[in-house]
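One structure is given here, and the rest of the page talks about it.
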Amino acid sequence: MTAPMPVRPPEPPEKPPPATSGKAPQKASEKVTAQRRPSRLLAPLRETGKLFALAVAVARAIFRRPFQVREFIEQFWFVASVTILPAALVSIPFGAVIALQVGSLTQQLGAQSFTGGASVLAVIQQASPLIVALLISGAAGSAICADLGSRKIREELDAMEVMGVSPIQRLVVPRVLATMLVAVLLNGLISVVGTLGGYFFNVIMQDGTPGAYLASFSALAQLPDLYISEFKALIFGFIAGIVAAYRGLNPRGGPKGVGDAVNQSVVITFMLLFFVNMVLTAIYLQIVPAKGS
């Protein structure tokens, strides 16, 4: 007789999973992700930090070789071609409005002989750099942002990085330098055109004398006024180029995101320009004494 086969004892029934209130159990990785998810309140600070990081990277890449001469010339010609005529046309009414307003005020105060100096200083120190900045950011900056944004969504910039080419040195640096140089040159043009427009409207429409207009200008103006104007234009051109490049390099949501980035670049540039202009003006008035003081 053969021995009977051993019988395997039955396995204990499995315990049911713990009841949850209708929610799936959260994995450990999801918990870590939720804990590391950045707060929305810190988003503006992160964007500001990235913008400053790009500005520092561009400033360092300016002195590296090879320098993209052809790209710089093309961008310089493009920025100049889209801003020269609007700048000349906008500077005339700006100079006229400043001359008329200042002339009306000086007439009420009995100091009409100082109309020329006051209006020309307002044009050179304030109006001219702001006009340059607004035109550079509105016309050239939007085009730069759209160009870089379209390259980004087509993954051209990623392909350049794979091939070992830096998009900042190859594309961003020539555009920023072009906006800076055009801003400095346009500032001189707008200063001259605005001064001539103010002279014409003051002498023709407010019965001012040419001699008093020029004499008051030479009595109140000084060479540092032109220096601060050109320095403002240089800084404003740098800011406009950096903001346009940053928003173009970081679009969100495909082609629609590129359009949104263009609008954001113009608005952000305007806000930064007025704030920086206030800071530079306050520093200049504290450092450089008025003529004759």
Side-chain angles (χ1 to χ4, degrees), residues 47-87 129 132-190 230-252 254-255 257-259 261-266 268-269 272-273 276:
E47 295 294 327
T48 304
K50 293 178 182 178
L51 180 63
F52 275 98
L54 178 62
V56 173
V58 171
R60 295 176 59 184
I62 290 176
F63 303 100
R64 293 179 182 175
R65 297 296 180 267
F67 182 73
Q68 306 297 327
V69 179
R70 181 176 179 179
E71 186 74 17
F72 169 74
I73 295 175
E74 292 178 354
Q75 294 301 318
F76 174 83
W77 176 251
F78 168 73
V79 176
S81 62
V82 299
T83 54
I84 286 179
L85 183 59
V132 169
L134 297 180
L135 290 175
I136 290 291
S137 61
S142 58
I144 292 174
C145 181
D147 178 37
L148 294 177
S150 61
R151 291 171 183 259
K152 180 66 175 181
I153 64 174
R154 293 197 303 263
E155 299 182 353
E156 293 183 14
L157 303 183
D158 298 333
M160 293 176 63
E161 293 179 351
V162 170
M163 293 185 295
V165 179
S166 173
I168 293 179
Q169 187 174 6
R170 179 65 178 82
L171 300 176
V172 177
V173 170
R175 286 163 171 77
V176 173
L177 289 179
T179 56
M180 294 172 63
L181 183 57
V182 172
V184 172
L185 298 179
L186 277 183
N187 185 68
L189 173 65
I190 294 175
E230 295 291 350
F231 181 73
K232 283 183 179 180
L234 184 69
I235 296 298
F236 293 168
F238 179 78
I239 293 175
I242 289 295
V243 174
Y246 174 74
R247 294 306 304 139
L249 293 174
N250 299 277
R252 298 186 182 92
V258 175
V262 172
N263 296 332
Q264 292 172 6
S265 69
V266 175
I268 294 172
T269 304
L272 289 177
L273 291 178
V276 173

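- Across all their heavy atoms, Ala240 and Thr269 have their closest contact at CA-CG2, 3.8 Å.
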Which donor-acceptor pairs under 3.5 Å do the side chains of residues 58-70 make with protein atoms, sequence neighbours left out?
unit_1, atom_1, unit_2, atom_2, d
Arg70, NE, Glu74, OE2, 3.4

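- Atom CG of Leu177 and atom CD of Gln75 lie 11.0 Å apart (nearest 0.5 Å).
- Between Leu273 and Ala133, the closest heavy-atom pair is CD1-CB, 3.1 Å.
- Pairs engaging residues 133-146 under the salt bridge (charged side-chain N to carboxylate O under 4.0 Å, His left out) rule: none recorded [sequence neighbours left out].
- Note that the OG1 atom of Thr179 and the CG atom of Leu234 stand 9.0 Å from one another [nearest 0.5 Å].
- Note on residues 135-148: pairs passing salt bridge (charged side-chain N to carboxylate O under 4.0 Å, His left out), not counting sequence neighbours, are Asp147-Arg151, Asp147-Arg175.
- For the pair Val243 and Ser265, the tightest heavy-atom approach, listed with the atom from each and the gap, is CG1-O, 3.6 Å.
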Check: residues 153-162 side-chain donor-acceptor pairs under 3.5 Å, at least two apart:
unit_1, atom_1, unit_2, atom_2, d
Arg154, NE, Glu156, OE2, 2.9
Arg154, NH2, Glu156, OE2, 2.9

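- If you take CD1 on Ile136 and CD1 on Ile239, they are separated by 13.0 Å, rounding to the nearest 0.5 Å.
- Residues Tyr246 and Ile268 fail the side-chain proximity criterion, which asks for heavy atoms closer than 4.5 Å.
- Residues satisfying the side-chain contact (heavy atoms from CB on, under 4.5 Å) test with Phe52, not counting sequence neighbours, are Thr48.
- For Phe78, the CZ atom sits in a packed shell: over 12 heavy atoms of surrounding residues, nucleotides or ligands are nearer than 6.0 Å.
- Closest of all the heavy-atom pairs between Ile190 and Ala87 is CD1-CB, 3.7 Å.
- For Gln264, the side chain to side chain donor-acceptor pair (under 3.5 Å) partners two or more places apart in sequence, or in a different chain, are Arg247.
- Within the 4.5 Å cutoff, the side chain of Phe236 has no heavy atoms near those of the Val132 side chain.
- Across all non-hydrogen atoms, the minimal contact from Ala233 to Pro129 is N-CB, 4.3 Å.
- For the residue pair Ser142 and Val262, the shortest heavy atom distance occurs at CB-CG1, 3.6 Å.
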With side chain to side chain contact (heavy atoms under 4.5 Å, CB included) as the test, would you mind laying out the steps for Val176 and Ile144 before giving the verdict? CA-CA 9 Å; Val176 173; Ile144 292 174; over 6 Å; no

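- In this structure Ala139 satisfies the side-chain contact (heavy atoms from CB on, under 4.5 Å) test together with Val82, Thr83, sequence neighbours excluded.
- Here the CG-CD1 distance, from Leu249 to Ile168, works out to 7.0 Å after rounding to the nearest 0.5 Å.
- Side-chain contact check for Ile84 versus Val182: every heavy-atom pair is 4.5 Å or farther apart.
- Remark: Ala55 pairs with Phe238, Ile242 by the side-chain contact (heavy atoms from CB on, under 4.5 Å) rule, at least two apart or across chains.
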